Amino acid sequence: MSVIVRFAPSPTGRLHVGNIRTAILNWLFARKSGGEFWLRLDDTDLERSTPEFADGIRQDLNWLGLEWTREDCQSGGTAHYTAAADLLRERGRLYACYETEGELDRKRKRQLARRMPPIYDRSGLRLTEDERAKLESEGRRPHWRFRLDNSETETETAPLPTIVSWNDLVRGDQTVDVGSVSDPVVIRANGTFLYTFTSVVDDAEFGTTHIIRGEDHITNTGVQIQLFEALGKEPPAIAHHSLLIGADGRALSKRLGALSSIERLRAGGLEPIVVASYTALIGTSDPIEAHPNLDGLASLFAFNKISMAPARFDVDELKALNARFLHKLPYATVEAQLRALGADGGPAFWEAVRGNLSVLNDAATWCQVISGHIDPLIENKELTDSAAALLPPEPWDDTTWGTWIGALKTASGIKGRALFHPLRLALTGLEDGPELKVLLPLMGRAKVQERLLGGAS
Ligand code: GLU
């Protein structure tokens with residue numbers, strides 16, 4: 001059976017690294033096993049889902065190179081959800097409830113006050129036809145709950161401890177006691193369906209072979225396995241990966257979550273393959289390094305490499321990985337991107353500056369320093385004037401620096417930082433940067449001389 005996995009975000013916001021980790025693990029597994037990766041937009045929350053967020057999700061996946069071969073959205077699936085709900089109703093597994101949110105809230109508070117778990121008391125299950133008719137005549141619309149299989153008989157309302165188990169591809173044998181959770185609402189009073197249900201109907205209908213998602217869904221899995229069974233379907237294989245924590249070891253804060261949106265990382269100039277490599281490898285037993293392409297990452301994928309411990313997301317580590325990746329890139333790989341940035345100074349330029357880049361956009365700064373306009377900083381005018389006077393004639397090459405500095409040391413009696421720092425400030429206007437030795441021939445004599453003399457050039 002060919003592998004089918006799906007990434008199922010809700011289009012209620014932009015994707016952040018946590019979502020992307022789920023997407024990428026699904027994508028890599030599909031790629032490695034020659035299967036398919038599908039995008040499913042879980043837009044059952046019609047108020048919070050927007051077409052703009054859906055577009056944002058597509059853009060983010062495209063940017064990362066995570067192509068999908070099929071796309072569905074749950075707001076388009078009403079007919080098969082209705083059919084599945086009818087089947088559950090026929091099988092006595094859906095029942096109508098009439099409580100308002102406020103009434104449910106009061107029930108929960110009473111239970112908590114009595115130190116009881118706030119589980120729905122199944123009042124709906126005990127309603128007679130007459131009672132239902134009366135409630136409806138008062139204008140109440142029912143919402144529908146799925147009756148979990150956790151009591152001795154179908155009409156018994158008190159749940160018993162009931163273990164649902166599965167062999168999780170990441171976590172090994174897992175159990176959930178569905179005797180300790182409420183029967184989930186699957187249809188709202190306005191007739192719309194809820195995720196717990198729609199997800200199962202879609203997975204069953206579309207033949208999802210593996211569900212790979214975060215461990216925040218473990219309890220859902222217990223409930224959803226019962227839903228699959230009630231629909232007469234075999235549940236897919238299931239893998240729950242751990243969630244992300246921040247560099248401080250705490251759950252990812254809202255602020256860090258926003259900072260780690262793919263949109264922000266992209267705008268910050270990070271390379272998509274570095275973001276993909278980082279999110280694919282954190283929380284696994286493989287070393288975190290940037291791979292040249294997604295296929296390289298896919299060949300590494302294995303469920304047993306994914307750790308059960310939380311995966312640590314550190315934006316500084318990601319940025320450092322990006323820098324290390326750029327430092328090794330050959331010119332041919334970045335030529336087109338440099339041209340698009342207006343920073344294509346040729347192979348020698350790239351060799352000179354790549355070791356100083358954090359993100360590729362930084363190349364534009366160095367292009368400006370080498371061929372554009374800067375304001376030189378003159379720290380020791382006597383020294384830089386003398387340096388200007390001692391500049392060798394062109395042509396310049398990588399021996400020019402040695403010749404020039406030798407002459408300047410002898411003439412000025414200055415060496416070390418006192419010599420190099422004023423030269424760097426005059427030539428680049430900056431404290432740090434690529435070796436002056438390699439910058440010199442790229443800048444050319446006229447520019448170097450003008451800057452040493454303090455002229456804006
Ligand atoms: N829409 C759900 C979420 O974003 C999907 C979970 C699942 O993969 O089933 O958490």
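Indexing begins at 1, ligand by ligand and atom by atom, following the structure's order. These numbers were taken from a predicted model, which means no experiment stands behind them.
Side chains of R108 and Q111: no donor on one and acceptor on the other come within 3.5 Å. Side chains of T365 and Q368: a donor-acceptor N/O pair is absent below 3.5 angstrom, by distance only.
Judged by distance alone, the side chain of H16 and the main-chain N or O of G18 form a donor-acceptor pair under 3.5 Å. Panel note: side chain T284, backbone D286; a donor-acceptor pair is recorded below 3.5 Å.
Using bins of under 30°, 30° to 60° and over 60° for the plane-to-plane angle, the ring pair W38/F206 lands in the perpendicular bin.
D60 approaches R14 most closely through the heavy-atom pair OD1-NH2, 2.9 Å.
Near S10, meaning under 4.0 Å from any of its heavy atoms, are these atoms of ligand 1: 1 (N). Atoms of ligand 1 found under 4.0 Å from any heavy atom of R213, numbered from 1 in the order shown, are 7 (C), 8 (O), 9 (O). Under a 4.0 Å criterion applied to the non-hydrogen atoms of S199, ligand 1 contributes the atoms 9 (O). Listed by number with element, the atoms of ligand 1 under 4.0 angstrom from any heavy atom of D42 are 1 (N), 2 (C), 5 (C).
Atom 10 (O) of ligand 1 has as its closest protein heavy atom H217 NE2, 2.8 Å. Protein heavy atom closest to atom 6 (C) of ligand 1, with residue, atom name and distance, is Y195 OH, 3.1 Å. Looking at atom 8 (O) of ligand 1, its nearest protein heavy atom turns out to be R6 NH1, 2.7 Å.
Ligand 1 has no nitrogen or oxygen under 3.5 angstrom from a nitrogen or oxygen of R40.
Remark: among candidates G214, A8, P11, the nearest residue to atom 3 (C) of ligand 1 is A8, based on non-hydrogen atoms.
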R132/D130 under salt bridge (charged side-chain N to carboxylate O under 4.0 Å, His left out): CA gap, chis, key distance, verdict: CA-CA 5 Å; R132 283 189 55 185; D130 286 350; over 6 Å; no
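Residue contacts with ligand 1 for F7 are absent, since no atom lies close enough (heavy atoms, distance under 4.0 Å).
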